[in-house]
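Single-structure report; data block below.
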Number of protein chains: 2
Amino acid sequence: MALAPLPDHYRLPPFDEACAPRRLLRLFSGKWITMILHTLHLLGGGSRPGQLMRAIPGLSKKMMTQTLRDLESMGLVSREVRQIMPPEVVYRLTELGEVFVEPLEMLYRWGADHAADLERLASPAPQTDLQDR
Amino acid sequence: MALAPLPDHYRLPPFDEACAPRRLLRLFSGKWITMILHTLHLLGGGSRPGQLMRAIPGLSKKMMTQTLRDLESMGLVSREVRQIMPPEVVYRLTELGEVFVEPLEMLYRWGADHAADLERLASPAPQTDLQDR
DNA sequence: AGCCATGGGAACCTTTTGGTGACCAGGTCA
DNA sequence: TGACCTGGTCACCAAAAGGTTCCCATGGCT
């Protein structure tokens, strides 16, 4: 972890909700966005929709399409269509997309290295039984 | 970035939604969770609620209390009460909380270093005008 | 009474994200 | 006809996250 300390601009209150790091966290808050970015990365930078579906359990066609469309409009993914039968569509990480894979993979690696800590992480209690405070 | 490559277990499809790195991303998907963890960290590891309110624009008392309660039940934050008048409550990062501050600060630093890329990141298009594909 | 300090709860609502199930298109093969 | 391959859309809904507004409590001071 040879990262420079956080610049002053980000270290003093008030902490701006729209600052650059917050934009990153906002991007990564989407369940399927990060799953799909990660999977595209692991599949060599690009993939056809069917391959994505098979690689990601629980992903519905609807969520896949919606998320890929979002990623495309954000400029993180490109969509290439070959008008043959059956059609061939390939979604590929753009240059910008590759940039953002880096922090995502940082998190994946950190998570893999700290699986034990993540096991210790309790689920938030249901919103009852918290009267004794 | 001297991190080891991702273990095989995490590199081959199918990609398990409940695996350790996904749990980390799930944790970080909460808007106020990360803001409050980051702020506690920057304020020396602990803070009183009023100080948190003043440090984080846009945070309502309701969301602050709710989020602190969640963080407490997850074991990331402790709550210490001094029964004086006016009351003194201090929320403090636990050991486990300090562990999870690390990847969060990694993201903050990455975001600070790549503000230009984050500026280039377009907002997803509204769900209209996407007929021309 | 009002104000200030402190910290917190509840009712209700809005917005966002994710999910279900059905449908569409073209083509090939039995 | 049906099944398969490919990729995508739509209507509607559920769940989760976040937001607004009001209320509560203690004590001290004007």
Side-chain angles (χ1 to χ4, degrees), chain A residues 17-18 22 25-36 46-74 77 79-92 123-133, chain B residues 17-18 22 25-36 46-74 77 79-92 123-133:
Chain A
E17 177 183 355
R22 291 295 335 161
L25 282 156
R26 176 78 177 78
L27 173 67
F28 285 173
S29 64
K31 170 179 179 179
W32 297 115
I33 282 189
T34 50
M35 282 292 290
I36 288 176
S47 169
R48 295 172 63 185
Q51 190 185 17
L52 272 184
M53 288 294 293
R54 288 187 293 276
I56 308 183
L59 178 65
S60 66
K61 281 199 299 184
K62 185 254 187 185
M63 289 311 304
M64 174 186 71
T65 306
Q66 177 177 307
T67 306
L68 286 169
R69 177 190 300 153
D70 286 345
L71 287 168
E72 192 189 358
S73 75
M74 286 191 269
V77 159
R79 179 173 179 272
E80 301 157 18
V81 188
R82 285 224 294 163
Q83 302 282 16
I84 57 173
M85 197 37 66
E88 269 192 20
V89 179
V90 179
Y91 286 93
R92 210 176 289 282
S123 301
Q127 305 286 36
T128 59
D129 300 327
L130 293 176
Q131 341 273 32
D132 56 334
R133 50 194 342 161
Chain B
E17 178 183 354
R22 292 292 338 157
L25 282 156
R26 176 77 178 76
L27 173 66
F28 285 172
S29 64
K31 171 179 178 179
W32 296 116
I33 282 189
T34 50
M35 282 291 291
I36 287 177
S47 169
R48 294 172 63 185
Q51 190 185 18
L52 272 185
M53 287 295 293
R54 288 187 292 276
I56 309 184
L59 177 64
S60 67
K61 282 199 300 187
K62 186 254 188 184
M63 289 312 304
M64 175 188 69
T65 305
Q66 177 177 307
T67 306
L68 286 168
R69 178 189 299 154
D70 287 343
L71 286 168
E72 192 188 358
S73 75
M74 286 192 270
V77 158
R79 179 174 177 272
E80 300 156 18
V81 187
R82 284 223 296 163
Q83 301 283 13
I84 57 173
M85 196 36 66
E88 268 192 21
V89 179
V90 180
Y91 286 94
R92 211 176 289 282
S123 300
Q127 304 286 35
T128 58
D129 300 327
L130 292 177
Q131 342 274 31
D132 56 337
R133 49 188 351 159

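Because the structure is predicted, anything quoted here is derived from the model rather than measured. A note on names: the letters A, B, ... follow the listed sequences, proteins ahead of strands, and every chain is numbered from 1.
When rounded to the nearest whole Å, the span between CG of Leu68(B) and P of dG18(D) equals 13 Å. Leu25(A) places its CG atom 12 Å from the P atom of dG18(D), with the value rounded to the nearest Å. Here the C1' atom of nucleotide dA25(D) and the NZ atom of Lys61(B) are 12 Å apart, to the nearest Å. Atom CE in Met64(B) sits about 8 Å away from atom P in dG7(C), given to the nearest Å. What separates CG of Leu59(A) from P of dG19(C) is a distance of 8 Å, to the nearest Å. When rounded to the nearest whole Å, the span between CD of Gln83(B) and C1' of dA25(D) equals 12 Å. Note: CZ (Arg54(B)) to C1' (dT6(C)) measures 10 Å, nearest angstrom. Spacing between atom CE of Met53(A) and atom P of dG19(C) amounts to 11 Å, rounded to whole angstrom units.
For dG7(D), the OP1/OP2 oxygens have no side-chain nitrogen or oxygen of Arg82(A) closer than 4.0 Å. Taking 4.0 angstrom as the limit, Arg48(B) places a side-chain polar atom (N or O) nearer than this to OP1 or OP2 of dG7(C). The shortest distance between the side-chain N/O atoms of Arg69(B) and the OP1/OP2 oxygens of dG8(C) is not below 4.0 Å.
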Do any N or O atoms of the protein come closer than 3.5 Å to N or O atoms of nucleotides 12-17 of chain D, and which pairs are they?
unit_1  : atom_1 : unit_2   : atom_2 : d
dA17(D) : OP1    : Arg26(B) : NH1    : 3.2
dA17(D) : OP1    : Arg26(B) : NH2    : 3.0

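The side chain of Arg79(A) has dG8(D) as its nearest neighbour among dG8(C), dT20(D), dG8(D). With dT20(D), dG7(D), dT20(C) as the candidates, the nucleotide lying closest to the side chain of Val89(A) is dG7(D).
For Lys61(B), the side chain to side chain contact (heavy atoms under 4.5 Å, CB included) criterion is met by Met53(B), not counting sequence neighbours.
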Leu68(A)/Met64(A) under side chain to side chain contact (heavy atoms under 4.5 Å, CB included): CA gap, chis, key distance, verdict: CA-CA 6 Å; Leu68(A) 286 169; Met64(A) 174 186 71; 3.6 Å; yes

Evaluation steps, side chain to side chain donor-acceptor pair (under 3.5 Å), between Arg22(A) and Thr34(B): CA-CA 9 Å; Arg22(A) 291 295 335 161; Thr34(B) 50; 3.0 Å; yes

Steps toward side chain to side chain contact (heavy atoms under 4.5 Å, CB included) verdict (Val89(A), Arg79(A)): CA-CA 7 Å; Val89(A) 179; Arg79(A) 179 173 179 272; 3.9 Å; yes

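Minimum interatomic distance between Ala55(A) and Pro57(A) (heavy atoms only, all atoms of both residues): O-CD, 3.4 Å. For Val77(B) against Tyr91(B), the heavy-atom pair with the smallest separation is CG1-CD2, 3.7 Å.
The residue Pro87(B) sits close to a base: some heavy atom pair falls under 4.0 Å.
The line from CG of Leu71(B) to CD of Gln66(B) is 11.0 Å long, rounded to the nearest 0.5 Å. For the atom pair CD1 (Ile33(B)) and OG (Ser29(A)), the distance works out to 12.0 Å, reported to the nearest 0.5 Å. In this structure, Leu59(A) CG and Arg54(A) CZ are separated by 12.5 Å, a value rounded to the nearest 0.5 Å.
Stem analysis of DNA chain C (at least three stacked-register Watson-Crick or G-U pairs, each with both distances under 3.5 Å) gives C:1-30 with D:1-30.
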